[in-house]
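What follows is one structure encoded as structure tokens, with my remarks underneath.
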There are 2 protein chains.
Amino acid sequence: MANIRDVAKKAGVSVATVSRVVNKNGYVKKSTLEKVNKAISELNYSPNAIAVSLNNKKTKTLGLILPDITNPFFPELAKAVEEVANQNGYTMILCNSNGLLEKEMEHIEMLERKYADGIILASDSYTEERLKGTDLPMVLLDRGVNPNHSSITANNFSGAVMATKHLLKQGCKKIAHIAGPKNVLTAVDRLKGYQSVVRDSNWYDGDLIIHANYNTKEAITATKKLLEMDSSIDGIFASNDLIAIGCLKAIRSIGWKVPDDIAVIGFDGISLTDLIIPQLSTIKQPVYEMGEAATKLLINEIEVGKKESLFKEFDVTLIHRESTDKRGEINE
Amino acid sequence: MANIRDVAKKAGVSVATVSRVVNKNGYVKKSTLEKVNKAISELNYSPNAIAVSLNNKKTKTLGLILPDITNPFFPELAKAVEEVANQNGYTMILCNSNGLLEKEMEHIEMLERKYADGIILASDSYTEERLKGTDLPMVLLDRGVNPNHSSITANNFSGAVMATKHLLKQGCKKIAHIAGPKNVLTAVDRLKGYQSVVRDSNWYDGDLIIHANYNTKEAITATKKLLEMDSSIDGIFASNDLIAIGCLKAIRSIGWKVPDDIAVIGFDGISLTDLIIPQLSTIKQPVYEMGEAATKLLINEIEVGKKESLFKEFDVTLIHRESTDKRGEINE
DNA sequence: AGAAAACATGTAACCGGTTACAGAAAAGGA
DNA sequence: TCCTTTTCTGTAACCGGTTACATGTTTTCT
């Protein structure tokens, strides 16, 4: 591949002039410009991005670190990040941390060595102290307010409130909550939202809360355990959609009917919820918008610098579908 | 961040010596090595990957271009690629082409400029001629044999045969096929597999084949059309799982029962098939293994060079679940 | 002991760009 | 016309590494 010296030679000018033409800065006589452009197109020259990066310490590369792209919540996020990045001339490196702090740190170090310009970190496990070594621009997803980094979140608390109230409105008399892991911020907020609604009900009992990881398998066991313990439960608010799907499977396996015997609502709004039967009610996060906002925020920090950490919280919306439709409000 | 000259100065040696220590090549006296290592750890030095790349023209970066990470088939592939890449010290750039040739070419050019070491291309739309400008190592997914590039495929034809025969064995008397787009290779192979089994049946008719894109929405319309046209159809082989899910929804909306009135089988084996109700029978591709193989092949081509193009075809497996279980073979 | 081989380290060119600086040419102003 | 300003272009240092080559020091072997 042709380099800048080849072009300079062919055009009969110096490399500096070629550089000026390519970057459209400095003075260049019209006739020279034409000569250079001719040489450029004849040699099919385009500047070596590595060499450029070595100079300006910018690679036009963003890192996206997430627990697991295989978790259906993340592909849409990744897509948003990639698209916005591309629109701004950036490229996206995808890293799976499997939720491991170690992996996260490895990835961050790698991205630093490779001179990534910034990082979007969607992490369960991150603790602030571990990050302080890094001075790369970084935007956090789902991490809550934080003095050093901007962050993007959905309103998990109010979403949980909506979900729980929705179950009540549908006529549920005893609502259980399958919560996510105790150390995950979003799970904690959703749990708090649930509690804030039901705490003062006469049927409320701490045993109605059971913890599970954000996946289907564990949710099945948890649900069975829950319903064995108390068969008067007629509503479940699951901390995310994958858990909710686990509920649905467990419920079906013991022969109960959804939503008549028991209503189920999830959280996240992954597309799967629309594909399963019965269709799952859920609290939808504007995932794409969140990824978009995170990326724009990051790019802005990279390009114009950061004044202060921003904390942006997105509203969630209730999607009412079959799995909670005890009152037949949905007409297909 | 400290650079090699800082380390050299601190250790009282030349940069060449530091480089030798870092890369463990050439001769270095034990005492010198210790001095240098001390300086390295004190300064927390790690070599600038950009500068290294500028020298050896290798970035330890792979590009993965795929139509849409949002399509549930791809996250697992992406994960495999990322994991294998990481294990070998590579990093993965993810690119969505949205199935557009233009976008694909843009991404390839960008990856070239950024000195990616190789590309894994999972493409529907690619045509050989467009690619000939590139001399980057490249492995193709789902593209069939090809003189210039190695490729990884699943055995789509034999999978389609398995699916169709499975429906027959379950007692289906008239099997329709919802095929994927005509210009997509995998879709064509699957169609051929279907035809090879049913061609000579007395009930066979070209109208039993209908085309749809690889998504749920179109599949719903297609299914309804199909069943309106011929209500004696009692089995559908869908060209992929997303289409199959569309079938399920359409069938349900007209009040038929799966699998009693009609059996449905998909293709791909995405995890969704296990989560929906009824659980979907499908032909499972070993997606992770395919991504793994593609990445290993690519890295091998990058590091040891390529002798010839390899064409590796993976076997698929039938997963028999509720959606085709007309004979009650499955005991839960 | 002397020569050859192995070990140890530094100098400087190079990868492919950008850019500060300097000098020359053209344009503008008095 | 002469001086100042603006335009134009080239030289060379620099970004942060790697490595060929030269040179010097030890070891090893006869």
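Because only heavy atoms are used, hydrogens play no part in the values below, and waters and symmetry mates are left out as well, while side chains stay in. A quick note: this is a predicted structure, and the numbers were derived from the prediction, not measured. Below, chain A is the first sequence line, B the second, and so on; all start at residue 1.
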Taking only the side-chain heavy atoms of [X] (C-beta and beyond), determine which of [options] contains the nearest atom.
| X | options | answer |
| --- | --- | --- |
| B:S19 | D:dT19, D:dG16, C:dG10 | D:dT19 |
| A:Y27 | D:dT6, D:dG17, C:dG10 | D:dT6 |
| B:T17 | C:dT18, C:dT9, D:dG17 | C:dT9 |
| B:V13 | C:dT18, D:dT19, C:dG10 | C:dG10 |
| A:V52 | C:dG10, C:dG17, C:dA8 | C:dG17 |
| B:R20 | D:dG10, D:dC21, D:dG16 | D:dC21 |

Nearest-nucleotide comparison on DNA chain D, the residue closer to the 5′ end among B:N23 and A:G26: A:G26
Measure the shortest side-chain to side-chain distance between B:V18 and B:V13 over non-hydrogen atoms and say whether it is less than 4.5 angstrom. yes
Under the 3.5 angstrom rule, does the side chain of A:T61 hit a backbone N or O of A:T59 as a donor-acceptor pair? yes
Taking atom types as modelled and ignoring hydrogens, do the side chains of B:T186 and B:Y214 form a donor-acceptor contact shorter than 3.5 angstrom? yes
What's A:T32 touching, base or sugar-phosphate or nothing? Going by heavy atoms closer than 4.0 Å. sugar-phosphate
Value in whole Å for how far the [atom2] atom of [N] lies from [atom1] of [X]:
| X | N | atom1 | atom2 | value |
| --- | --- | --- | --- | --- |
| A:D6 | C:dC15 | CG | P | 11 Å |
| B:K9 | C:dG10 | NZ | C1' | 16 Å |
| B:L33 | C:dA8 | CG | P | 10 Å |
| A:I4 | D:dT9 | CD1 | P | 15 Å |
| B:K29 | D:dT25 | NZ | P | 11 Å |
| A:N25 | D:dC8 | CG | C1' | 13 Å |
| A:I50 | C:dG17 | CD1 | P | 11 Å |
| B:R5 | C:dG10 | CZ | P | 14 Å |

Can you check whether A:N48 has a side-chain N or O nearer than 4.0 Å to OP1 or OP2 of C:dG16? no
Strictly below 4.0 Å: does A:K30 bring a side-chain N or O up to OP1 or OP2 of D:dT7? no
Verdict with supporting geometry, A:F74 and B:I69, side-chain contact (heavy atoms from CB on, under 4.5 Å): CA-CA 9 Å; A:F74 291 113; B:I69 186 70; over 6 Å; no
Decide, yes or no, whether a salt bridge links A:E292 with A:K296 under the criterion of side-chain N to carboxylate O below 4.0 Å. yes
A:A51 vs B:G12, nearer the 5' end of DNA chain C by closest nucleotide: B:G12
Taking atom types as they are modelled, would you say the side chain of A:N55 forms a donor-acceptor pair with the base of C:dG17 within the 3.5 Å cutoff? yes
